[in-house]
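Worth knowing before you read on, the calculation uses all heavy atoms, side chains too, and leaves out hydrogens, waters and symmetry mates. Order of appearance sets the numbers: ligands from 1, and atoms from 1 within every ligand.
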Amino acid sequence: MQRQRIRMVAGNWKMNTDYEQGRDLAQEVVRKLQPSDVHVVMAPPFTHLKNVGNITNGISNVSIAAQNCHEQTAGAYTGEISIAMLQSVGVKYVILGHSERRQYFGESDELIGKKVKAVLAGGMVPIFCCGEPLEVREAGNHEAYVADQLKNSLFDLSEEDFKKIILAYEPIWAIGTGKTASPEQAQEMHKAIRTQVQKKYGEDTSMRQVILYGGSCKPGNAKELFAQADVDGGLIGGASLKSDDFIAIVESFPED
Ligand code: PGA
């Protein structure tokens with residue numbers, strides 16, 4: 001049977017690596033990568049995008065992503081990066097709504113929704129992050145919390161636009177903490193997210209929706225996570241900074 005969804009592993013380098021370290025890391029990843037149909041994405045800091053893009057250029061399953069963007073097209077927004085700037089260096093994906101952006105930079109569901117629309121209008125693909133903090137999980141409200149994030153930022157999109165988006169479920173309590181969601185917890189939430197998509201956009205769109213897992217995903221747990229029916233890959237922070245670890249994660253999908 002033809003697979004309905006692409007498989008993807010995206011490395012979010014966050015605010016790590018200087019220019020040369022970034023170049024070396026990208027070169028190592030490209031050198032060690034075996035041919036496969038897994039979509040491999042690297043999201044380096046803005047200053048490295050052009051160079052990492054040059055390194056990955058011509059490899060059909062490898063793309064570059066930005067970690068953020070501004071929602072306005074241009075103007076007096078000192079320190080910000082526009083959609084056109086990202087387009088001009090060959091960016092394909094933009095990570096939006098990462099919990100660190102929400103937490104440290106006060107990004108609201110509404111603002112993230114605007115950024116999603118700006119990225120789509122610019123012909124790039126948002127990787128939209130959602131996920132609950134620990135106290136919400138402990139209170140048992142995680143499904144409702146994530147459903148609200150989807151509704152508030154995404155569910156006013158047309159079906160045609162929504163279909164272009166990649167979703168990433170990243171429980172905040174698992175990000176950078178070494179605590180991973182168990183495969184069962186990840187599967188439960190990915191299924192719940194798919195159900196929300198199905199309710200809003202129908203069965204066909206929901207079955208085609210790519211949903212990545214993020215939060216302390218590493219070589220030791222990626223196989224179990226990627227074996228879950230509704231987990232289509234990973235958004236990788238810490239482990240994307242070591243080429244061997246990142247490649248091992250890329251190679252963690254079950255055989256067809
Ligand atoms: P982590 O980060 O893999 O270091 O937990 C994941 C993320 O924030 O995307």
Side-chain angles (χ1 to χ4, degrees), residues 7-17 21-22 25-26 29 38-46 48-49 52 63-69 91-107 112 115-116 119 125-134 136-137 142 145-146 149-150 153 165-183 185-187 189-190 193 210-226 228 231-253:
R7 305 183 296 185
M8 176 181 281
V9 175
N12 174 10
W13 297 6
K14 307 191 180 181
M15 197 172 74
N16 293 299
T17 71
Q21 290 165 336
L25 177 55
V29 167
V38 177
H39 285 56
V40 176
V41 178
M42 285 187 268
F46 290 127
H48 312 2
L49 278 168
V52 173
S63 316
I64 51 169
Q67 298 175 19
N68 183 30
C69 69
V91 165
K92 180 156 179 206
Y93 299 93
V94 184
I95 298 172
L96 293 174
H98 191 281
S99 64
E100 287 150 18
R101 299 288 324 162
R102 295 175 188 263
Q103 191 180 343
Y104 305 137
F105 303 97
E107 293 199 8
I112 297 159
K115 292 188 179 196
V116 165
V119 167
V125 177
I127 299 177
F128 175 87
C129 305
C130 54
E132 78 287 353
L134 185 60
V136 171
R137 159 90 32 188
H142 39 292
Y145 185 93
V146 169
Q149 289 180 318
L150 298 173
S153 297
I165 292 178
I166 308 274
L167 298 179
Y169 169 61
E170 300 206 304
I172 298 173
W173 46 272
I175 296 178
T177 56
K179 275 193 199 167
T180 323
S182 68
Q185 285 172 320
Q187 169 57 22
M189 275 306 288
H190 282 229
I193 290 169
V210 175
I211 311 175
L212 309 179
Y213 169 78
S216 299
C217 183
K218 34 189 187 270
N221 58 28
K223 273 202 173 67
E224 273 187 322
L225 288 162
F226 294 178
Q228 303 304 309
V231 177
D232 303 309
L235 179 54
I236 318 299
S240 72
L241 296 171
K242 294 195 190 112
S243 60
D244 285 338
D245 285 0
F246 187 60
I247 295 289
I249 295 170
V250 171
E251 292 173 354
S252 291
F253 289 94

Does an N or O anywhere in [X] fall below 3.5 Å from an N or O of ligand 1?
{"X": "Glu170", "answer": "yes"}
{"X": "Ile236", "answer": "no"}
{"X": "Gly176", "answer": "yes"}
{"X": "Gly238", "answer": "yes"}
{"X": "Lys14", "answer": "yes"}

Donor-acceptor under 3.5 Å (His48 side chain, Ala26 main chain):
no

Please find the pair of heavy atoms, one from Ala181 and one from Pro171, that lie closest to each other, and give the distance.
CB-CG, 4.3 Å

Residues Ile249 and Pro219: closest non-hydrogen pair is CG1-N, 3.7 Å

How are the rings of His190 and Tyr213 set to each other: parallel, tilted or perpendicular (split at 30° and 60°)?
tilted

Any idea which atoms of ligand 1 are less than 4.0 Å away from a heavy-atom of [X]?
{"X": "Ala174", "result": "5 (O)"}
{"X": "Ser216", "result": "1 (P), 3 (O), 5 (O)"}
{"X": "Asn12", "result": "9 (O)"}
{"X": "His98", "result": "7 (C), 8 (O), 9 (O)"}

Looking at Lys242, I'd like to know if its NZ atom is crowded, meaning that more than 12 non-hydrogen atoms belonging to other residues, nucleotides or ligands lie closer than 6.0 Å.
no

Nearest 0.5 angstrom please: Glu107 CD to Glu100 CD, how far?
11.5 Å

If I take atom CG from residue Asp232 and atom CG from residue Leu167, how far apart are they, to the nearest 0.5 angstrom?
9.5 Å

Please list the nearest protein heavy atom to atom 6 (C) of ligand 1 with its residue and the distance rounded to 0.1 Å.
Gly237 N, 3.5 Å

Structural part of Ser240 in contact with ligand 1, heavy atom criterion under 4.0 angstrom:
neither

Check Ile175 against ligand 1 and report side chain, backbone, both or neither, counting heavy atoms closer than 4.0 Å.
both

Are His98 and Glu170 linked by a side-chain donor-acceptor pair shorter than 3.5 Å?
yes

